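Residue numbers start from 1 in every chain, and the chains themselves are labelled A, B, ... in the order their sequence lines are given, proteins ahead of strands. Just so you know, these numbers come straight off a predicted model, no measurement behind them.
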Amino acid sequence: MKIATFNINGIKARIEALPAWLEIAKPDVAMLQEIKSVDEGFPSEIFEDMGYRVETHGQKSFNGVAILSRLPLEDVTRGLAGDDTDEQARYIEATVIGKTAVRLCCLYLPNGNPVPGPKYDYKLAWMDRLHARAKELLVQEIPFVMAGDYNIIEQDTDAAKPELWREDALALPTSRAAYRKIAALGLTNALRAKHPEAGLYSFWDYQAGAWQKNNGILIDHLLLSPQAADLLIDAGIDKNTRAGDKPSDHVPVWAQLDA
DNA sequence: ATGGTCGCAAGGCGA
């Protein structure tokens with residue numbers, strides 16, 4: 001089972017590039033972030049015609065997540081528990097039925113800038129809620145994959161120019177500590193497990209020629225429960241999608257599981 | 001330090 005995460009930065013703008021990538025990469029599951037669309041506005045038919053089931057959790061203009069799957073999906077839940085007043089569409093879960101059932105958690109973690117301020121407070125509170133959800137799932141001792149745009153530069157080697165991010169919500173020590181608290185529950189980063197080398201990135205800003213200069217950062221991850229990590233076969237980044245026509249500023253990251 | 005580029009949606013916010 002090949003599972004990918006991809007921040008597409010707007011489904012309307014990616015109406016050609018997303019199907020093109022699916023045709024080439026052929027993931028069984030694609031967890032999408034920043035669809036920037038309400039559920040009714042998501043062009044599900046395009047993907048259903050390609051053999052994918054489509055589950056969205058959208059909102060107008062901003063945020064929004066979705067799961068595309070060529071395998072059956074069950075028990076879809078929308079939103080991250082822990083704050084009934086949170087109206088931002090950043091989280092969706094579903095169970096994919098392959099050889100083995102795998103719980104999928106698709107997340108778009110808040111950016112958090114500017115710091116300090118309410119947006120940064122929201123980011124840290126959201127991470128506390130994600131930590132609580134990870135703990136709940138770990139108790140179940142099932143294969144699960146928590147994947148998406150974490151908006152965290154975990155370590156300096158995950159940025160081409162770490163000095164530019166020192167005061168940023170993506171790289172502050174408090175941000176990194178909150179991320180590591182989640183990972184330290186016992187989750188395995190699929191890409192790092194298979195590609196420990198530095199200099200792999202998943203995002204290049206549209207501005208200032210970041211792509212041409214390879215001024216990137218690694219912020220998109222698939223974190224695996226112990227039961228999922230036992231099934232890990234391979235992982236990678238589809239870097240070349242950034243060089244295509246009308247690309248997202250993120251590229252897909254994927255993991256192959258024996259599931 | 002500033003401005004640089006996109007997406008959504010139709011002006012300004014978010015990244």
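Atom CG of Asn111(A) is separated from atom C1' of dC6(B) by 15 Å (rounded to the nearest Å). When the P atom of dA15(B) is taken as reference, atom CD1 of Ile219(A) falls 11 Å away, rounded to whole Å. Atom P of nucleotide dA15(B) and atom CG of Asn151(A) are separated by 8 Å, given to the nearest angstrom. The CZ-P distance, from Phe62(A) to dG12(B), rounds to 13 Å in whole Å. The distance from atom CG of Asn63(A) to atom P of dC13(B) is 16 Å, rounded to the nearest whole Å. For the pair Asn9(A) CG and dG14(B) C1', the interatomic distance rounds to 10 Å; values are reported in whole Å. The distance from atom CG of Asp245(A) to atom C1' of dC6(B) is 16 Å, rounded to the nearest whole Å. Arg242(A) places its CZ atom 8 Å from the P atom of dC6(B), with the value rounded to the nearest Å.
Looking at heavy-atom distances under 4.0 Å, Ile11(A) makes contact with sugar-phosphate atoms alone, never a base. Using a 4.0 Å heavy-atom distance criterion, Phe203(A) is classed as making no nucleic acid contact.
On the C1' atoms, dG3(B) is 15 Å away from dA15(B), given to the nearest whole Å. For the P atoms, the distance linking dC13(B) with dA9(B) amounts to 16 Å, nearest Å. Here the separation of dG11(B) from dC6(B), taken at their C1' atoms, is 16 Å to the nearest Å. A gap of 16 Å separates the C1' atoms of dG4(B) and dG14(B), to the nearest Å.
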Quiz prompt | Verdict with reasoning, Tyr122(A) to Asp86(A), per side-chain hydrogen bond (donor to acceptor under 3.5 Å, both in side chains) | solution = CA-CA 10 Å; Tyr122(A) 174 67; Asp86(A) 187 357; 3.0 Å; yes
Exercise. Would you check, one step at a time, whether the test side-chain hydrogen bond (donor to acceptor under 3.5 Å, both in side chains) holds for Ser69(A) with Arg53(A)?
Key: CA-CA 5 Å; Ser69(A) 176; Arg53(A) 294 157 180 78; 5.5 Å; no
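Within the 4.5 Å cutoff, no side-chain heavy atoms of Tyr91(A) are placed close to those of Arg78(A). Using a 4.5 Å heavy-atom cutoff, the side chains of Tyr150(A) and Ser175(A) are not in contact.
In this structure, Lys36(A) does not reach the dA15(B) phosphate: none of its side-chain N or O atoms is under 4.0 Å from OP1 or OP2. Dashed line: the shortest gap from a side-chain N or O of Lys60(A) to OP1 or OP2 of dC8(B) is not under 4.0 Å. Close to dG7(B), at under 4.0 Å from its OP1 or OP2, lies a side-chain N or O of Lys246(A).
For Lys12(A), counting side-chain heavy atoms from C-beta on, the closest listed nucleotide (dG14(B), dG7(B), dC8(B)) is dC8(B). For Arg90(A), the side-chain atoms get nearest to dA15(B) when compared with the rest of dA9(B), dG7(B), dA15(B).
Where Glu34(A) and Ser37(A) each meet DNA chain B at their nearest nucleotide, the meeting point lying more 5' is that of Ser37(A).
For the pairing with Glu154(A), the salt bridge (charged side-chain N to carboxylate O under 4.0 Å, His left out) check across Arg192(A), Lys181(A), Arg176(A) returns one residue only, Arg192(A).
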